[in-house]
Amino acid sequence: MARALGNKNASEPQDFLSALDKLLEDCGVSNLTMSEFGIKAEELPAMAKEVRESLAPAFECDPTLLTIEDCAEIYRKSFK
C-alpha cells in the first residue's frame, strides 16, 4: 500500500503509515479535527457501532478484543 502511495522503496509495515502521513500533509488535512470535518460528538456512539460491525473481521485479528463501547471511548478521547 505504501508503494501505491508513492514510496517505491517501501518494505516495512510502518512505511504505509509514513506514506499516509505524507498524503495527509500534501492534501492539507493532517491537522483536521473531527469537528472541523463536520462530525458532531453525539455521532460518536453510532460511528463506533458502525466501525465495530462493518469491520468485524479486522477486529477479530486484534489480540485485544475491542467492544463497541471501547471504540466509542477511543473516539471520545480523540474528539476535538
Side-chain angles (χ1 to χ4, degrees):
M1 290 178 70
R3 289 185 193 126
L5 289 174
N7 182 346
K8 303 207 183 329
N9 299 316
S11 61
E12 301 292 326
Q14 181 63 36
D15 294 334
F16 169 68
L17 298 176
S18 298
L20 185 58
D21 284 340
K22 183 178 180 330
L23 176 63
L24 293 171
E25 287 176 22
D26 291 348
C27 292
V29 297
S30 62
N31 294 316
L32 186 65
T33 65
M34 286 190 265
S35 60
E36 290 172 330
F37 190 73
I39 297 169
K40 296 174 178 59
E42 57 268 17
E43 296 175 291
L44 300 179
M47 289 173 50
K49 184 176 188 292
E50 177 64 29
V51 73
R52 186 59 184 86
E53 291 175 355
S54 65
L55 296 177
F59 281 89
E60 291 168 11
C61 296
D62 198 311
T64 302
L65 178 62
L66 293 175
T67 65
I68 292 172
E69 184 51 42
D70 294 328
C71 295
E73 183 64 16
I74 291 168
Y75 282 143
R76 280 192 287 275
K77 287 182 176 182
S78 303
F79 189 78
K80 292 180 185 173

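Since this is a predicted model, take the numbers as computed values, not measurements.
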Item to check | Qualifying residues under side chain to side chain donor-acceptor pair (under 3.5 Å), relative to E36, sequence neighbours excluded | outcome: T33

Item to check | Crowding at CE, M47 (>12 non-hydrogen neighbours, <6.0 Å) | outcome: yes

Checklist entry - How far apart are the closest heavy atoms of A2 and A10, and which atoms are they? => result CB-CB, 3.5 Å

Checklist entry - Is any NZ, NE, NH1 or NH2 atom of the basic residue among R76 and E73 found under 4.0 Å from an Asp or Glu carboxylate oxygen of the other? => result yes

Next on the checklist: Is there a path of hydrophobic side-chain contacts, each under 4.5 Å between heavy atoms of I/L/V/M/F/W/Y residues, joining F79 to Y75?
Outcome noted: yes

Next on the checklist: Suppose we screen for side chain to side chain donor-acceptor pair (under 3.5 Å). Which residues come up paired with D70, at least two apart in sequence or across chains?
Outcome noted: T67

Checklist entry - Which distance, rounded to the nearest 0.5 Å, do you find between the NZ of K80 and the CG of N31? => result 9.5 Å

Checklist entry - Under 4.5 Å between side-chain heavy atoms, hopping through other hydrophobics if needed: is there a path connecting L65 to I74? => result no

Checklist entry - Of the non-hydrogen atoms in F59 and R52, which two are nearest, and what is the gap between them? => result CB-NH1, 3.4 Å

Next on the checklist: Quick check: do I39 and L44 have side-chain heavy atoms less than 4.5 Å from each other?
Outcome noted: yes

Checklist entry - Hey, is CG on D62 packed in by over 12 heavy atoms from elsewhere, all under 6.0 Å? => result yes

Checklist entry - How many angstroms lie between CE in M1 and CG in L17, if you round to the nearest 0.5 Å? => result 9.5 Å

Checklist entry - About how many Å separate CG of L5 and CG of D15, when rounded to the nearest 0.5 Å? => result 11.0 Å

Checklist entry - With D21, which residues qualify under side chain to side chain donor-acceptor pair (under 3.5 Å), at least two apart? => result none

Item to check | Value rounded to 0.5 Å, distance of CD in E50 from CG in L55 | outcome: 8.0 Å

Checklist entry - Any idea which heavy atoms bring K40 and E43 closest together, and the distance? => result N-OE1, 2.5 Å

Checklist entry - R3 and K8: which non-hydrogen atoms are nearest, and at how many Å? => result NE-O, 4.0 Å

